[in-house]
Protein chains: 2
Amino acid sequence: MDSFGDIIRKLREDKELPLRTVAAFLDIDQAILSKIERGQRNPSRGQVVKLAEYFKVKENDLLVAWLSDKLVYEVEDEDMALRALQVAEEKVKYIAKNKKK
Amino acid sequence: MDSFGDIIRKLREDKELPLRTVAAFLDIDQAILSKIERGQRNPSRGQVVKLAEYFKVKENDLLVAWLSDKLVYEVEDEDMALRALQVAEEKVKYIAKNKKK
DNA sequence: TTTATATTTGACAGATTGTGTCAAAATATA
DNA sequence: TATATTTTGACACAATCTGTCAAATATAAA
């Protein structure tokens with residue numbers, strides 16, 4: 001069950017690239033990338049998109065990993081976490097359905 | 001598919017109370033409560049708990065409505081919304097399982 | 001219509017959180 | 001040792017959050 005940080009750390013280490021290089025591509029300090037990889041900072045949506053481009057992986061897959069991390073963070077210390085996620089799913093389906101019309 | 005705001009607006013209107021009265025109990029300006037009821041502001045967790053107490057409804061039910069609203073807000077204009085919610089569910093289950101040990 | 005009450009709106013202020021830089025400390029590698 | 005890499009924390013600035021307030025709007029009563 002990899003978090004977003006785990007995923008991009010693996011991608012980077014597989015290519016044996018230093019933080020410095022990837023961070024330069026993202027146009028941020030390597031300190032931030034280090035923190036992103038260890039889940040101490042939340043990347044911006046734009047950074048996620050850039051990372052997908054950089055590592056040539058599906059943008060949507062990375063976006064799902066990133067978004068789901070944010071959702072988990074939002075509910076993580078709530079007893080009602082699972083119920084809330086399930087209700088949110090219903091609400092999203094409901095909204096999507098009524099948008100089509 | 002009622003949002004948190006819809007729920008508390010109904011509770012308040014059923015009892016024919018003005019915003020002023022409920023807002024005073026929450027110790028905030030009525031303007032904020034008005035915005036909360038129409039989904040323009042996000043209440044704090046503490047306010048949700050107070051509202052459950054005030055209207056004598058199950059705290060957890062209100063918390064679920066509130067939390068799920070926040071989750072929907074977080075993903076609402078993402079194509080990957082549903083996938084992200086589903087992955088988040090798996091992650092939450094995974095975390096809960098490994099916490100027990 | 002007027003008058004009174006309730007709700008909504010938007011400008012504003014202060015507190016909090018987010019986003020990034022930087023340099024020093026810690027860790028790993030040669 | 002030296003050298004490269006990663007991690008940490010202090011800091012600054014920007015952005016968002018949380019609430020107040022007063023004016024505008026809507027609703028209801030006389």
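Below, all heavy atoms of this structure are taken into account, side chains as well, without hydrogens, waters or symmetry copies. Convention: sequence-line order gives letters A, B, ...; per-chain numbering from 1.
Here dA30(C) sits opposite dT1(D) as a Watson-Crick or G-U wobble pair (both hydrogen-bonding atom distances under 3.5 Å).
The interatomic distance linking I32(B) (CD1) with dT7(C) (C1') rounds to 15 Å, in whole Å. One interatomic measurement links the two molecules: CG of L26(A) to C1' of dT21(C), which rounds to 16 Å at whole-angstrom precision. Across the protein-nucleic acid pair, L33(B) atom CG and dT8(C) atom P stand 9 Å apart, rounded to whole Å. The distance from atom CD of E74(A) to atom P of dT17(C) is 14 Å, rounded to the nearest whole Å. Remark: P of dT19(C) and CZ of R45(A) are 14 Å apart, rounded to the nearest angstrom. In this structure, K35(B) atom NZ and dC17(D) atom P are separated by 14 Å, rounded to whole Å. For D29(B) and dA22(D), the CG to P distance is 10 Å, given to the nearest whole Å. Per the geometry, CZ belonging to R41(A) stands 8 Å off P belonging to dT19(C), to the nearest Å.
Side-chain nitrogen and oxygen atoms of Q47(A) include none within less than 4.0 Å of the OP1 or OP2 phosphate oxygen of dT19(C). Close to dT7(D), at under 4.0 Å from its OP1 or OP2, lies no side-chain N or O of Q40(A).
Under the 4.5 Å side-chain criterion, counting only non-hydrogen atoms from C-beta, L33(B) is in contact with I8(B).
Of the options L26(A), L11(A), V57(A), I36(A), a side-chain contact (heavy atoms from CB on, under 4.5 Å) to L51(A) is made by L26(A) and by none of the others.
In the hydrophobic clustering of ILVMFWY residues, with side-chain heavy atoms under 4.5 Å counting as a link, L63(B) and F25(B) come out together.
Around the CG atom of D2(B), the shell of radius 6.0 Å holds more than 12 heavy atoms that belong to other residues, nucleotides or ligands. Surrounding OH of Y54(A) are more than 12 heavy atoms belonging to other residues, nucleotides or ligands, all under 6.0 Å away. Atom CG of D61(B) is surrounded by more than 12 heavy atoms from other residues, nucleotides or ligands within 6.0 Å. The number of heavy atoms from other shown groups lying within 6.0 Å of CD (E13(A)) is above 12.
Taking every side-chain heavy atom of I28(A) into account, dG20(C) is the closest of dT20(D), dG20(C), dG9(D).
Nearer to the 5' terminus of DNA chain C, by closest-nucleotide assignment, is the contact made by A31(B) (compared with the other of D27(A) and A31(B)).
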Under 3.5 Å between N/O atoms: give me all the protein pairs with nucleotides 3-6 of chain D, atom names plus distance.
{"unit_1": "dT5(D)", "atom_1": "OP1", "unit_2": "R20(A)", "atom_2": "NH2", "d": "3.4"}
{"unit_1": "dT5(D)", "atom_1": "OP2", "unit_2": "R20(A)", "atom_2": "NH2", "d": "2.4"}
{"unit_1": "dT6(D)", "atom_1": "OP1", "unit_2": "R12(A)", "atom_2": "NH1", "d": "2.8"}
{"unit_1": "dT6(D)", "atom_1": "OP2", "unit_2": "L19(A)", "atom_2": "N", "d": "2.6"}

